[in-house]
Each structure stands twice: as structure tokens, then as C-alpha cells.
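The structure under discussion appears below in the form of C-alpha cells.
Note that the structure is predicted; figures quoted are calculated from it, not measured.
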Amino acid sequence: MTTTHMDPTSTPVTEAESPITHPHADEDPQFRRFLNTLQSDGKEHIDYANDGLSRIAQAHDASHYLLVPKGIMRPDSAGQVARIMAAADRCNLQVSFRAGGTSLSGQATTDAVMVDTRRRFQDIEVLDNGHKVRVQPGATVQMVNAYLSLYKRKLGPDPASSSACTIGGVVANNSSGMHCGTQFNTYQTLDSLVFILPSGTVINSADHDAEQQFRTQEPDLFDALVQMRRQITSSPELVRKIKHQYSMKNTMGYGLNSFLDYESPLDIFTHLLIGSEGTLAYIAEATFNTLEVKPRVSTGLLVFSNLIDASSAVPQLVADGFQTAELLDATSLKVAQRTGSVARSIREIDVKDHAALLVEFTGDSDDELHDRYSAALPHLEAMPLAVPHEMTSDKKERNLLWATRNNLYAAVAGARPSGTNALLEDVVVPVQDLGRACDDLTHLFQNHDYPGSVIFGHAKDGNVHFLLNEQFRDIKKLQRYQRFTEDMVDVILGYNGSLKAEHGTGRIMAPFIERQFGSELYQIMRRIKDAADPKRMLNPGVIITDDPHEYVEHLKVADQIEKVADRCVECGYCEPVCPSRNLTLTPRQRIVVRREIAAAKNRGDTKLATELQERWQYDGQDTCAVDGMCLTRCPVGINTGDLIRQLRAESAGSVAQKGWKAAAHGWNLGAKAGSLAMTAAHAVPSSLPTAATRVARKVVGDDTMPLYKSALPQGGPLRHDVSTDHADFVFFPACVNEMFGGVDGDGKRAMNATKAFEAVARRAGLTWRTPKGIGGMCCGTPWKSKGMLEGYEVMRKRVLSGLWQASEEGRLPIVCDAASCTEGIQVMRDTVKKAAACDPKWENVQVMDAVEFCVRYLLPHVEAKRQLDSLVLHPTCSLTHLGLIDEMCAIARVVARDVTVPKHWGCCAYAGDRGMLHPELTKSATRAEAHEVNERPYSAYASINRTCEQGMTEATGQNYQNLFQLLEWATRQEKAEATA
């Protein structure tokens, strides 16, 4: 991937005229002086990285800008951040902060020092019974809301990226979202801040003497704020302009409304920091006032014949108390129809110029929702709707309606041509002008040849987003983008709107601030920057710029890579759920490194390509758990695990392929040998097998030979064929339960998951059979995840043939007792279903996980005889993919009175044998969950996959059992209490 520059004098130059070569891992002299300055203060070491792969991987964010930092600093505390800023100040080096990297406007990219404020700044403290919450900048909005959910509270800001965006970004961008509007955005709900100025001054605005501290330690800044407020308040025209600008959502420039809303210089500056995008100070901590979560919601879709009718209805909807009114233009509706996942009211429209509003009520009860709807009904019936409206509180129906809105980004960005960038921008106009403004934008798309661009957004606030695709490598298209931007600016400012409503000014709109606010207010903004950051050290080029072409400088272009990952828009939604995120690379970073390798090769930079490729093996492939959790968050449907499996297959030698193929042919003996080996290893001092595997790892490599650990269990019971004339289901016992036996709560050998499931099924009065030759069958995941496709194909054919016969040609459901294996068998089945010569017989073959089967067919026929006091669960990646976490919890509630799913649960990264190949991966992936689990004792600890149980046992020091073991204990008929 490369960046494209603009000639600051006139028109774009071609990439060939302005070549970009990323700096290599050779230490930059200026960065070395900076590190020496840090080390000379005699304080503790601050972690950093300045190798090529780390800098390039971290350089990419969700925006379409790219600058490669000289180095990445990873401080542990706010004090270390202050030291970094002080050293950078002495070395005349700029500093930028990066947390979630979801910002779209180029706020968090730099060619100087980047400070990672996500990895080690994730503390959350709930205060005042949930009415306030104190948060560090690296915590995500979703995680904060998870803590607050226990109190039925939430944060005000609700950005669409809440699963990945961090509090640092929320404050820095003055985030709002779909529901909060301007009433409950960051500015309105902030209680206090802890911030660090470039000078090193640290202020906690909640301190009783914070104002005096500010005045004493920063007298020049204090006085400048007093003077600027006096200048503004003495000018009726400036006051009028500011009031108008902030009557709308507005994230352009600095929040000048703070000069009108507050008199105290500290209060003014604290609120100027909201939306300042890291250009004035480092925000070390934020305390928010929270909102009540309303338990009842009713959602509906109002379809109109055109945009004008739809937008004209918004004021009445707001007056009727609708908290949400999301706009979808005609192109959005057409795109939604093509996805297939739409409500009936959209599916049946012959879309021409139609537009729709997705609306919601919230309340404390169904009666309250009914009363609100009844009051609004006369107005709804008077609206010129194209189809009859419906409101629903059904969760599935509501999700289907929201899918229309939420799938737009995936549908448009995911279908973009290779090498193009998906640009998601936002603007705001007075609500009464929304329809005409959207109509003008639609004509701009047509005039500048941007087919398929969509308009959607928060109609209630006059705020809409538009999405278009552009190719920045093509000089003519780059010039087109420049012309479009100029015309778009004219349109929005012609309605006295704002060029940024939510996404922040960044680099993309910095050159247009003066045009929006006027010269005098813009000069005040420049004075704010100079007073707080006189050396322009923090985040240069963002908000305040001297370059009128800043918005078309440093644009990134994507070199084509493997098809399975080429659609990536680098949004970073995947990162919070990636188990290797704090060890090596995230899914986004794996993809951008692949792009950078391709770019380096394309421009002939063999040195960089070789350097990245050498680091790639461990950082990119070996430490990827291929768990697919990234897929659950990716807006364009990428499973980075598929990329890694493909690369492993391509790099696997013929010897390895043949060896794994032979293993597939002889799996009947292989699985048994694994079980016997585990039992044998358990019978001798653990130091012996551990030492033996350590030696072997040195010979054949860490990624080939697993490391034996004393915590590993004995082998499990061998699988045998079960045949019967009459069966209620086909049972596919997983070989993982054969190789790794079960343990009890004390870590001693116990009935494993297979035998426990069979016992409960027997109590429910059900019978089963297994496929003939079950001892030689496997779901194929070990072969597929390692890229050993020849062996996988051998196993796939064997398993499908056996299941077809055992299930009586699909009549009986097939049940597996390990979720990852269930998913593997489903993939085998679906591969056949999708094949060109698909045999229709597979269409109705049902492969069901034991968790789902248990809830549907076992629990209604068994009774709990005893319960645990408390139980903590570790859900698994496969259960997430299968959508069965609720069912897992339902089983757990039979077993225990108090069931807890840790807020920080995530993939344990054991991934079959990955946790034995790279123990550091599991240790890193489970650190937060393990800490949370060990905050209190539980009666038992459980998961639903033997290797995941092993991973959590090693991570927490607690003995994790299979949930079916506990269910068997709870439903056992004997009167005497049995130990779990």
C-alpha cells in the first residue's frame, strides 16, 4: 500500500511524480535521540517498537490517509505519557495518539511518534450506583456499557462503531450516534477529565482546587482563554454564528460553544478538549454521567415516495417522541433489497424515488409504548406513506428492520472494485433543509459519476452519511474526488450546515474550517491551538493546517491481495475480539501487512518486502488462532482465519501434506495413540514429557511440536461404534474428547463430556447411533486450520459418507458434543451443498450442536436434583458462530443458581493445539478474562470444549470442566450429594 500526494499549488500529481517509500526498520536518528532522552531521565523503561512491521501495521486506521510513524510508544501510565511528551518536546518531535483507530477523517495518523493508548489503558470504574463511570481512554464503548448494564445504565454517545471505538476517541471526536443526538453526546454527558498538556501539566478537573491549579501552572493559557471569551461574548455577530453552528451536530474545528456555555477558563478548556482530536492535550481519563436504559422498544419503518416527503415528516416525528429516525434513500433501499435480509415492507417495494425512515420508541413498559403510539397514530396516518406502516417490539423483527440500515456499509463497501477506498462521510444541515440537501447530494453523485453511492443517517438531527468508492491511484479519479469535495462543501455550506457532524474534522475537512466559520472565529481556533500547544507538537495537520490541499495529501491506495481479504476497509471492528491483539497482530493488521508486502514488491522495494515477510511467519501466521471471531464483527464479512488457512496451505510442503494425508487415512489409530500417549505422560513425572517436547521443539520448530504441560489431563475413553435399529439421533462424539479426558473440579480424572452427554440423553429416554467407523472420523478442523488440504479431503469424504448412511439419508439429526467440531461438520456439509454438482439430498441434513440439542430435546425431560451455588462460564468462538451462547446459559441455569459470563470473555486461543504450540498466545488472549474470573470464588468453572477448558484452566489456575459433566451431576438420580 502506498500514499498519494497533492501538489499544494494546483492539481494532483501522479504517484510516479511523487513516489513513496516507507522507511525501513533502520533506526531513525531523530527517534534514537528521542529514546536516549527518555532513557536519560533515570526512570522506568517505556515499551516501544520501531521495526518496520510494527510501524506499518500500526500506521493504518479506518481513514483513507496513511503516514508511517518513526516509532510506536506503548506506555503503561499517564505519567509515562507525560514523559514521552516531555522528551518529544526537547527533541522537536511531534506526537499523535492512537487507540481504536476507527476514526474516518485522518485524526490518528502520523509520521512522527505514535502513542498507543489502547493496549494498557482500559480501566473502568462504575460510580454512584451506575450514574457515573470513570474510564481510561483504551476501553471500548461496548465494554463500558457492559459494566453499566448491571445497573441498567449506559453511556450517552452511541456511535455505530461502539464495539471497537474507544473512550479516547469518543471524547476526542465528541461522538454522538444514532440515538443520542446533541442532547446526550459526549459534550453534554461529560462530568470531568484528567488531561496532560504538552508542557507536562496534569489537571484533574474534578479536583476541588482544579481551577487554581490551572491558573497557577498554565497562566498564559488561562489568560488567553479569558481574552478569547471576552472577544466572543462582546460580539453579537460571533455569538449568533456560534449558536447557529452548535444548534446542529457539529464536530468541525474546536467546540467554540464552550465559550458561551461556561465562564470558568478551566471549564471552557475542558470542553474544548472534547472534539479536539488529540491536538491540544492528552486525555488520560474521563468521567461520564450515564443514562437509564429503557427496557421496552418498538421499531417501525415508514416508507415515503421521495426524500422530500420523508424529511418533511421528521419534525412531527420528533414532536411525537420518536427517539430515533434513521433515513434511507432510494439507493439504500435498492441495495438493501439485493442483500435479501430485509423486512417485508421493503422487499415488496418497486423502488423508484422512495425513501424510508426507521423509527423507534422506547419506554419503561408496553403500556407506555402503546400510549405513545396511540398519540402519534393520527399524525402517522396523515403522512403521505407509500406503504402502510407497522410497529413491532418483537426482537427478531426489530433486528430484521435494523439489518436494512446496518448492512448498507457492508453491501456497498464490500462490493467495491479492488484497489478502491470506501469513503464514509457525514454532513449536517438544518432539519427543514434535509430533503433538499439530500437531493442535491444525489445530483452530485450523478454529476461526478459515483454510481451506487448511498445516503443514510440520522434524520432526526439533520445529519446524514454518504458512502462512495474512489480510486486514488488514478490521477483523473483523484481530481474528480477533489472537484466533488469542493462542490459538496458549497452545497452544505449553502444550507448553513456543517461539513462534519460526527466523524470529526481530522485532515479531510481541516482546510474548510475558515470557510464554514468565517475568518474571525477561525483565528480564535488558531489561537486556542497556539495557547495550548505553542510548538505545534500534538497531531500536526489535524484541525489546524496551513495547507489548503491537506485533505488530498497522504491518501492511501490499496494494492490487491488474496481475494478472501481484499475487501477489507481497515475499520478495525475486528480488533477487540482478536486473541492475538496484544501479542502480535490483529486481523486488520494482518491484512494491511499483506497489502504492504504486495506494495513493496510492486515498487521493487525488496528490502522492505523481505523484512516484512520474515516477521510475517510468526506475527502473521503462527500466532493467528484462526478462530474466526473477527468475522463476527467485520462489516464486510471477512474471516481473516480463511486468509491464514489459505497461506498455510500454500506454504505447506509436499512432505507435510503427505504426512497429514497419511494421518487422515489412519486416524483410527492416530486418535487412539493420542489418548494413550496423554495417559502415559500423566503416569510419569511431568518433567519428563515436558523436557522431551522442549527438545523436540528445538529440532522441528515451535509451530510443529506441541509443548507438554503438567496441567494437561489424561487421555479420554476410546470411541466405539454404536448401532441400533431404532435411533432418535446420530451421535458424532468428538475425537478431542477421546484424546483429552475429562477432569472434575479438583482436576482429577472424571467422566468426560461424551459420556456425560450420553448419560443425560439416556435419562431423557433417547437413543442414538454413531456413524460406522467413528473411531477414524474427525470434523477435519486440524487439517483445515493447518492448511493440510489433501488430508482434509480424505477426512471430509469419509465423514460425510458415514453421516449420510447413519442418518438414514438425512432423516435423523446429527449431534456433536464439541461446538468447534459441530461447526467443522457443518462446514463439510455446506461445502457439498454449495458445490456445482450439489446433490440435493444434502439440503435437509441437519447438523446440530449438543448444546442446542440439549435445550430442545433433553432439558424438557430431565430434572435437576441439585444445584451449585455459583458457576462461571467461558463461551467459545464456535458457540458464537453457531449462535448458541443463550442456549449454553440456559443449561447453566439448570446447573447453578448464579451463572456468570465474564464481561471480558473472548477466544482463549488454545485453538486445538495452538495453545500448546504457542502458550504465550493463550496467556495474552486470556489475561483480562482470567483477572476478572479470579476476582471472586465460584463453585465451579465450565466451558463446552475440552481444549478451551484446558486453556482457561491454565490461564486462571481454576479447573474448568465441561458443562455437560455438571449437567449430568445435577440431574443424577442418586440421593447422596456428589462432588462436581
Side-chain angles (χ1 to χ4, degrees), residues 1-5 18-41 43-61 63 65-76 80-98 101 106-119 198 278-279 282 507 533 535-542 547 550 553-556 584-585 589 592-593 595-597 599-600 603-616 619:
M1 183 168 291
T2 57
T3 60
T4 299
H5 290 259
S18 182
I20 295 300
T21 56
H22 291 311
H24 299 287
D26 303 327
E27 293 181 354
D28 182 279
Q30 191 179 20
F31 187 71
R32 172 47 58 189
R33 289 196 301 272
F34 162 72
L35 290 177
N36 289 338
T37 302
L38 269 180
Q39 294 166 0
S40 66
D41 65 12
K43 296 181 180 179
E44 74 273 15
H45 170 76
I46 300 176
D47 187 25
Y48 72 92
N50 69 329
D51 62 279
L53 184 139
S54 295
R55 293 183 298 116
I56 285 173
Q58 193 79 18
H60 291 253
D61 67 358
S63 76
Y65 295 96
L66 180 63
L67 290 164
V68 179
K70 298 179 186 296
I72 313 296
M73 304 304 299
R74 295 167 178 157
D76 286 327
Q80 288 192 352
V81 175
R83 286 175 56 204
I84 291 169
M85 293 166 67
D89 179 60
R90 290 196 291 273
C91 296
N92 295 314
L93 199 57
Q94 288 77 38
V95 173
S96 295
F97 307 107
R98 165 74 66 77
Q107 295 96 317
T109 185
T110 180
D111 59 1
V113 175
M114 180 177 287
V115 181
D116 180 348
T117 61
R118 174 184 66 89
R119 187 174 299 197
T279 63
Y282 168 64
R507 298 174 183 276
D533 183 20
K535 291 187 178 181
R536 300 280 180 97
M537 180 179 78
L538 298 182
N539 224 7
V542 172
D547 183 357
E550 178 82 22
E553 293 279 357
H554 310 295
L555 298 169
K556 67 185 176 188
T584 51
L585 298 177
Q589 291 170 346
V592 302
V593 169
R595 285 176 171 164
E596 292 290 2
I597 291 172
R603 64 174 179 264
D605 190 347
T606 56
K607 181 180 180 182
L608 180 61
T610 300
E611 176 190 343
L612 296 178
Q613 196 70 57
E614 288 175 351
R615 283 285 304 276
W616 168 261
D619 288 23

| request: List the atom of Asn50, the atom of Arg55, and the distance in Å for their closest heavy-atom pair. | output: O-NE, 3.0 Å
| field | side chain to side chain contact (heavy atoms under 4.5 Å, CB included) evaluation trace for Asp111 with His554 | value | CA-CA 10 Å; Asp111 59 1; His554 310 295; 5.7 Å; no
| remark: With sequence neighbours left out, the residues meeting side-chain hydrogen bond (donor to acceptor under 3.5 Å, both in side chains) with Gln80 are Glu44
| query | Does Lys43 have any salt bridge (Lys or Arg N to Asp or Glu O under 4.0 Å) partners at least two apart in sequence or in another chain, and if so, which? | reply | none
| said: Once salt bridge (Lys or Arg N to Asp or Glu O under 4.0 Å) is applied, do any residues pair with Arg536, and if so which ones, sequence neighbours excluded? | reply: Asp530
| said: Nearest 0.5 Å, please: how far is CG in Leu53 from CD in Gln58? | reply: 11.0 Å
| task | Can you spot which of Thr110, Leu93, Val113 makes a side-chain contact (heavy atoms from CB on, under 4.5 Å) with Lys70? | result | Leu93
| message | Has Arg98 got a side-chain atom pairing as donor or acceptor with Ala108's backbone, closer than 3.5 angstrom? | response | yes
| field | Rounded distance [0.5 Å steps], OG1 in Thr37 versus CZ in Arg32 | value | 10.5 Å
| query | Got a sec, which residues hit side-chain hydrogen bond (donor to acceptor under 3.5 Å, both in side chains) with Asp116, two or more places apart in sequence or on another chain? | reply | none
| note | Between Asn539 and Gly278, the two heavy atoms sitting closest are CB-O, 3.5 Å
| Which residues satisfy the side-chain hydrogen bond (donor to acceptor under 3.5 Å, both in side chains) test with Asn92, sequence neighbours excluded? | none
| said: For a quick test of reading the model, state the closest non-hydrogen atom pair linking Arg83 to Leu38 and the distance between them. | reply: NH2-O, 3.4 Å
| note | Across all chains, not counting sequence neighbours, the salt bridge (Lys or Arg N to Asp or Glu O under 4.0 Å) partners of Arg90 are none
| Worked check of side chain to side chain contact (heavy atoms under 4.5 Å, CB included) between Val95 and Tyr282 | CA-CA 10 Å; Val95 173; Tyr282 168 64; over 6 Å; no
| query | Can you name the residues that form a side chain to side chain contact (heavy atoms under 4.5 Å, CB included) with Gln613, not counting sequence neighbours? | reply | Arg594, Ile597, Lys601, Trp616
| Atom CG in Asp41, atom CG in Asn36: separation rounded to 0.5 Å? | 11.5 Å
| field | All salt bridge (Lys or Arg N to Asp or Glu O under 4.0 Å) counterparts of Arg118, not counting sequence neighbours | value | none
| query | Are the side chains of Ile72 and Tyr48 in touch, meaning some heavy atoms are under 4.5 Å apart? | reply | no
| task | Could you tell me which residues satisfy side-chain hydrogen bond (donor to acceptor under 3.5 Å, both in side chains) with Arg74, sequence neighbours excluded, listed by chain and number? | result | none
| query | Between Phe34 and Cys91, what is the shortest heavy-atom contact and its length? | reply | CA-SG, 3.6 Å
| said: If the condition is side chain to side chain contact (heavy atoms under 4.5 Å, CB included), which residues does Asp533 pass it with, not counting sequence neighbours? | reply: Pro198, Lys529, Met537, Leu538
| request: Carefully, step by step, assess Leu66 and Glu596 under the rule side chain to side chain contact (heavy atoms under 4.5 Å, CB included). | output: CA-CA 12 Å; Leu66 180 63; Glu596 292 290 2; 3.8 Å; yes
| remark: Output for pair (Asp619 CG, Gln589 CD), nearest 0.5 Å, gives 9.5 Å
| request: Tell me, with the steps shown, if Val81 and Phe97 meet side chain to side chain contact (heavy atoms under 4.5 Å, CB included). | output: CA-CA 10 Å; Val81 175; Phe97 307 107; 4.1 Å; yes
| message | Just verifying a value: how many Å separate Ile56 CD1 and Arg615 CZ, rounded to the nearest 0.5 Å? | response | 11.0 Å
| note | Looking only at heavy atoms, the pair that brings Ala112 and Gln94 closest together is CB-O, 3.1 Å
| field | Exercise: identify the closest heavy-atom pair between Leu67 and Thr109 | value | N-OG1, 3.1 Å
| Could you give the distance from CG (Asp28) to CZ (Arg33), rounded to the nearest 0.5 Å? | 8.0 Å
